[in-house]
Structures are given as C-alpha cells and as structure tokens.
Protein chains: 2
Amino acid sequence: MNSEFNIAVHSLVFLAYLPTHMASSDLLASNVCTNPVRIRRVMNLLKKNGLIQVQKGTGGGYILNCDPKEVTLGQIYRITSSGSLVSDWRSGDPNMECRIASQIGDVMSQIYEGAEISYVNYLSQFTIQDILDKLTADKKQV
Amino acid sequence: MNSEFNIAVHSLVFLAYLPTHMASSDLLASNVCTNPVRIRRVMNLLKKNGLIQVQKGTGGGYILNCDPKEVTLGQIYRITSSGSLVSDWRSGDPNMECRIASQIGDVMSQIYEGAEISYVNYLSQFTIQDILDKLTADKKQV
DNA sequence: CCTAAATGTAATATTTATGATTACATTTAG
DNA sequence: CTAAATGTAATCATAAATATTACATTTAGG
C-alpha cells in the first residue's frame with residue numbers, strides 16, 4: 001500500500017492537536033517527514049471531502065474542518081487509498097483454455113473486494129480523536 | 001502486497017484439481033503465468049509447512065499433501081505474506097520532540113497489527129476447496 | 001499596487017520494490 | 001551415465017513510490 005493514508009491520518013491528527021492554528025504544507029511536511037508537495041496533494045483530497053479548510057496566499061495553510069470524534073480511519077482510507085488491497089498482479093490469463101487459469105483472476109478479485117470491505121470496517125472503529133488520545137495520554141512515570 | 005499469496009493459492013488449487021498428478025514447476029509456471037523459479041520458491045514455503053510433497057529428479061514435481069477442505073486462505077497468507085499489510089513507510093520520527101511526530105509511527109503500527117489479524121480472519125473463511133468449487137461450478141447455459 | 005508567502009499541479013528525477021532471467025549445484029529415475 | 005527435475009544465488013529489467021524542481025495562481029499586508 002502507498003503511504004498517503006499514513007500522511008492523511010498524521011496530518012489530521014496534527015491539525016486536531018492544534019485546532020486554532022493554520023498549518024502550512026512546509027510545517028506539516030517537516031512534522032510528517034515528507035515533502036510539501038505530497039502534503040499538498042493529500043490535503044487537497046481531504047479538502048475535497050470537506051475534512052479541512054484551505055487558505056491560499058500569505059499566511060495561509062490548512063485547518064481542521066470536522067469533528068475529530070466523528071471522522072474515522074475508515075473514511076480516510078476510502079479517500080486516500082481505496083482499492084489498494086487488491087493485488088494488481090493477476091495469476092493465470094482469461095484467454096487460456098484451463099478453467100483454473102482462465103477464471104482464478106476473477107475469483108481472487110472478488111475475494112479482495114471482500115477483504116477491502118472488511119478492512120474498512122476494521123479501520124472505522126478508530127477516530128482521529130482516538131489516535132490523538134493515544135498520543136497525548138501521559139505516560140507512567142518510570 | 002506482493003503476489004506470492006496469489007501464486008500459492010493458484011498452485012494449491014491447481015494441485016487440488018489434479019490430485020493424482022505430479023506437477024512440475026514448468027507446468028505450474030505456465031498455468032499461473034509466471035516463471036518456474038518463483039513457483040519453486042513459493043512451493044518450497046508450502047512444502048516446509050506440509051501442504052505439498054516434493055519429488056526431486058526426473059519425473060518429479062509437486063503434489064498435494066493436505067485436505068483442500070481444511071486448508072484456508074488465512075493459513076496460506078500467513079505462510080507467504082505475513083506482515084505485508086503493514087506500511088513500511090513510517091510518518092514522523094521517534095527522535096523528534098513533538099509528541100505527535102515521535103509516537104505516531106508506533107501507534108499506526110499497532111493499528112496495522114490489528115488489521116493484519118482481522119485480514120487473516122477474513123481470509124480464513126475460504127478454503128482451497130471453496131475456490132476450486134467456484135472454478136469448476138458449471139455455468140448457466142446462455 | 002507590489003511583494004512575499006502561500007497553495008495547486010505538472011514534469012522530471014531518484015530510489016525502492018517487484019518480477020524475470022540466467023546460471024549452476026544437487027537429486028533421482030531409468 | 002544421462003536427462004529431467006528441484007533449490008538457490010546472482011543479476012537484470014521493469015514498475016511503483018517518493019522526492020525534487022519549476023512555475024502559475026492566490027492573497028494578505030505594507
């Protein structure tokens with residue numbers, strides 16, 4: 001899987017952590033440890049889905065536009081990475097005579113479709129706020 | 001995800017389809033549409049886990065050594081592709097000051113661990129025989 | 001009105017991952 | 001003894017992922 005899902009979750013958690021602060025792509029990039037262009041591309045997806053607001057020009061950047069308790073990792077996955085579980089390599093070949101070789105590609109695709117649904121369901125049990133809470137919980141003193 | 005899981009499933013279904021036939025890596029490779037070296041590597045994993053028997057030398061090859069009604073895609077996934085769901089790219093960096101950036105890699109890893117478990121559970125509902133049945137079921141006449 | 005700082009986005013380069021090929025040692029039936 | 005098979009390492013080729021560069025556009029503020 002590519003890592004845009006990670007970038008989206010990280011960025012949203014960051015924005016939820018500083019909800020009044022306008023964060024630039026440079027700031028997000030250095031926190032996430034990637035480059036600003038990737039951040040802008042991912043943020044653009046999140047904007048199109050209404051999860052953040054964007055301010056262009058001087059002093060601009062990104063700010064949260066959703067309730068972190070309501071947005072789940074399942075939603076974010078669907079926005080950034082839908083279909084990524086499906087193997088792009090298919091065994092066999094539809095043009096072959098053999099019933100196994102000619103059809104198994106389709107059968108495996110169906111199974112991956114189901115896996116995708118089960119994966120989204122799993123991710124939907126976590127909200128942005130859940131992740132933020134894990135990160136800001138005070139640690140036991142040693 | 002890499003495609004060794006697909007190759008393993010396809011090969012096992014093929015062997016289950018011809019349970020008395022010794023299939024060479026060349027034969028499997030041409031049915032799966034890949035090269036014999038990959039087949040042998042994957043078959044070797046399956047052999048180590050007792051799912052097939054191998055006969056070296058002239059006239060050798062692979063033959064099923066399990067009950068296709070008992071072996072699930074979950075088991076096969078664990079053999080060939082365990083951990084492949086975990087994104088190898090980590091956002092943030094443990095050495096940074098920021099609590100988000102320094103810890104989110106670990107938190108996301110935990111989530112991927114859980115996803116892996118849920119994925120294996122999903123795959124465990126399908127057996128080799130289930131796949132074979134889908135492929136050999138007679139189609140409606142048109 | 002100008003400038004500096006920001007996003008949007010395309011094009012390109014670099015790096016990493018995946019898959020294919022080649023080569024050869026080993027095994028074994030006949 | 002030979003031919004046909006597996007096991008496996010090394011190398012090559014291709015594809016995918018990520019980073020960089022470049023530049024058009026937007027906009028706050030002097």
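Proteins come first, then strands; the chains are lettered A, B, ... in the order of their sequence lines, and each starts at number 1. FYI, side chains are in, hydrogens and waters are out, and symmetry mates aren't considered; it's all heavy atoms of this structure.
- At the phosphate of C/dA6, neither OP1 nor OP2 sits under 4.0 Å from any side-chain N or O atom of A/S25.
- Contacts of A/R38 with the nucleic acid, taken as non-hydrogen atoms under 4.0 Å apart, involve only primed sugar atoms and P, OP1 or OP2.
- Distance B/I39 CD1 to D/dA5 P: 15 Å, rounded to the nearest Å.
- D/dG29 and C/dC2 make up a base pair, with Watson-Crick or G-U wobble contacts both under 3.5 Å.
- Remark on DNA chain D: of its neighbouring residues B/N44 and A/E4, the 5'-side contact belongs to B/N44, judged by nearest-heavy-atom nucleotide.
- Two residues are said to be in side-chain contact when any heavy atoms from C-beta on lie closer than 4.5 Å; B/F5 and B/L73 meet this criterion.
- Distance, A/W89 CH2 to C/dT18 C1': 11 Å, rounded to whole Å.
- In this structure D/dC23 sits in a base pair with C/dG8, meeting the Watson-Crick or G-U test at under 3.5 Å.
- An OP1 or OP2 oxygen of C/dA29 is reached within less than 4.0 angstrom by a side-chain nitrogen or oxygen of B/Q55.
- As judged by a 4.0 angstrom heavy-atom cut-off over every strand, B/G57 is placed among the base-contacting residues.
- Taking only side-chain nitrogens and oxygens, B/T34 comes nearer than 4.0 Å to OP1 or OP2 of C/dA20.
- In summary, of the residues considered (A/R41, A/K48, A/R40), a side chain to side chain donor-acceptor pair (under 3.5 Å) with A/N44 occurs for A/K48 alone.
- The base of C/dA4 lies close enough to the side chain of A/T58 for a donor and an acceptor atom to sit less than 3.5 Å apart.
- Residues B/R90 and A/N6 are not in side-chain contact: their nearest non-hydrogen atoms beyond the backbone lie 4.5 Å or more apart.
- Nearest-nucleotide assignment on DNA chain C puts the 5′-proximal partner with A/V37, out of B/G59 and A/V37.
- Base pairing of C/dA29 is made with D/dT2, judged by Watson-Crick or G-U wobble geometry with both donor-acceptor distances under 3.5 Å.
- Among the protein residues, B/N35 comes within range of the nucleic acid bases, having at least one heavy atom under 4.0 Å from a base atom.
- Phosphate contact (OP1/OP2 of C/dA5, side-chain N/O of A/K56, threshold under 4.0 Å): absent.
- Taking atom CD1 of B/I63 as the reference point, atom C1' of D/dT6 lies 16 Å away to the nearest angstrom.
- When the side chains of ILVMFWY residues are joined at heavy-atom separations under 4.5 Å, either directly or via intervening members, A/I79 and A/I63 end up in two distinct hydrophobic clusters.
- No side-chain heavy atom of B/Y17 sits under 4.5 Å from any side-chain heavy atom of B/L135.
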